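Take a look at the structure set out below.
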Amino acid sequence: MEQLKKELADVIRAYHQKGWSPATSTNYSFRLAERPEVIVVSRSGIDKSAFSAADFMEVDMEGKALPAYEGIRPSAETLIHCKLYQLFPEMMCIVHSHSVYSVLQSMKNSQAVELSGYEVLKGFEGIQTHDTTVQVPVFDNTQDMPAFAATLEAQKHRLTVPTFIMRQHGTYAWGRNLFEAKRHLETAEYLFEVDWKFSK
């Protein structure tokens with residue numbers, strides 16, 4: 001687990017450098033096969049330029065801090081992670097960004113970002129050819145995390161690729177391990193940027 005904490009912390013700092021994780025924003029998590037009922041999630045209020053392996057904490061599948069971490073505040077959006085792990089039990093890692101292009105795309109597209117014909121679409125699990133179209137859903141942002149979690153559950157059918165955008169907020173992506181979650185987020189962010197620039 002400590003090695004995975006270090007690897008994800010490295011990714012978080014790299015995303016800060018890319019401008020995807022400004023200041024203390026964004027949140028990240030993973031689970032382990034031997035303890036799938038425990039979520040290791042980023043703590044709230046940590047400057048992502050200095051995020052380290054020590055800045056994770058453990059919560060249960062309802063987002064409640066485990067006894068060893070009582071009094072420490074997890075990310076405000078921990079319930080999103082909980083719900084995604086419940087909806088996709090095989091997934092073991094979730095990453096997040098506050099990129100400029102995902103925010104811009106969410107302001108232009110009311111329901112989904114449609115992406116067609118791009119070679120990098122093959123970065124999404126299960127897509128074998130560029131000759132396809134995917135819809136990345138856009139959900140309205142809210143501070144009411146139980147309500148947002150309920151929306152994800154009710155609209156799971158829209159999650160046909162392992163990513164979505166919260167409007168004027170950012171992107172979530174997930175995978176069966178850190179490598180896959182990272183690949184899905186970077187695929188999405190690349191495509192959001194290319195598609196935005198092409199449309200201009």
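Remember, it's a predicted structure, so these values are computed and weren't measured experimentally.
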For this session: Give every residue pair that meets the salt bridge (charged side-chain N to carboxylate O under 4.0 Å, His left out) criterion with at least one member in residues 134-150, sequence neighbours excluded.
Result: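 For residues 134-150, and leaving out neighbouring residues, the salt bridge (charged side-chain N to carboxylate O under 4.0 Å, His left out) pairs sorted by first residue read D140-R167.
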
When rounded to the nearest 0.5 angstrom, what is the spacing between [atom1] in [X] and [atom2] in [Y]?
| X | Y | atom1 | atom2 | value |
| --- | --- | --- | --- | --- |
| E77 | I80 | CD | CD1 | 5.0 Å |
| C82 | E62 | SG | CD | 6.5 Å |
| Q17 | I12 | CD | CD1 | 13.5 Å |
| I39 | L66 | CD1 | CG | 9.5 Å |
| L178 | C93 | CG | SG | 4.5 Å |

For this session: Kindly state whether the ring of F56 and the ring of F51 have centres lying under 6.0 angstrom apart.
Result: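 Ring centroids of F56 and F51 are less than 6.0 Å from each other.
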
Problem set entry | Ring center gap for H98 and H16 short of 6.0 angstrom | no

For [Y], is there any backbone N or O sitting under 3.5 Å from a side-chain donor or acceptor partner on [X]?
| X | Y | value |
| --- | --- | --- |
| K48 | S21 | no |
| T187 | L191 | no |
| T78 | S75 | yes |
| Q86 | H81 | no |
| Q135 | A112 | no |
| E189 | L185 | no |
| Y28 | V41 | no |
| N109 | Q111 | no |

For this session: Determine the sole option in T142, N141, T26 for which the side-chain hydrogen bond (donor to acceptor under 3.5 Å, both in side chains) test with H169 is passed.
Result: N141

Problem set entry | Side-chain ion pair, K6 and E2, N-O less than 4.0 Å |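 Result for this pair is no, no salt bridge flagged.
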
Exercise. Does E37 pair with R31 as a salt bridge, N-O distance under 4.0 Å?
Worked result: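 Result for this pair is no, no salt bridge flagged.
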
For this session: Please name all residues satisfying ring-ring contact (aromatic ring centres under 6.0 Å, His included) with H184, sequence neighbours left out, ordered by chain then number.
Result: none

For this session: Report the residues that fulfil ring-ring contact (aromatic ring centres under 6.0 Å, His included) with W20, sequence neighbours left out, ordered by chain and then residue number.
Result: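 Scan of W20 (ring-ring contact (aromatic ring centres under 6.0 Å, His included), adjacent residues dropped) gives Y15.
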
For this session: Applying salt bridge (charged side-chain N to carboxylate O under 4.0 Å, His left out), name anything that partners K156, two or more places apart in sequence or on another chain.
Result: none

Exercise. Who passes salt bridge (charged side-chain N to carboxylate O under 4.0 Å, His left out) against E58, sequence neighbours left out?
Worked result: R35

Problem set entry | Over-ring placement of R158 relative to F139, 6.0 Å and 45° cut-offs |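 Yes, R158 and F139 form such a contact.
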
Exercise. Mind checking who shares a hydrophobic cluster with M107, ILVMFWY linked at side-chain heavy-atom distances under 4.5 Å?
Worked result: V103

Would you name the heavy atoms of [X] and [Y] that are closest together and state the gap between them?
| X | Y | answer |
| --- | --- | --- |
| G175 | M91 | C-SD, 3.3 Å |
| A181 | V95 | O-CG2, 3.5 Å |
| N27 | S42 | CA-OG, 3.3 Å |

Exercise. Side-chain contact, heavy-atom cut-off 4.5 Å: L87 with L152?
Worked result: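 Yes. Closest side-chain heavy atoms under 4.5 Å.
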
For this session: Check whether W196 and Y190 end up in the same hydrophobic cluster, where Ile, Leu, Val, Met, Phe, Trp and Tyr are linked by side-chain heavy atoms less than 4.5 Å apart.
Result: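 As far as the 4.5 Å side-chain criterion goes, Y190 and W196 are connected within one cluster.
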
Exercise. V161 and V113: same hydrophobic cluster, using ILVMFWY side-chain contacts below 4.5 Å?
Worked result: yes

Exercise. Do Y101 and D195 meet the criterion of a side-chain donor-acceptor pair at a distance under 3.5 Å?
Worked result: no

Exercise. Should we say atom NZ of K18 is surrounded by more than 12 heavy atoms from elsewhere, each under 6.0 Å from it?
Worked result: no

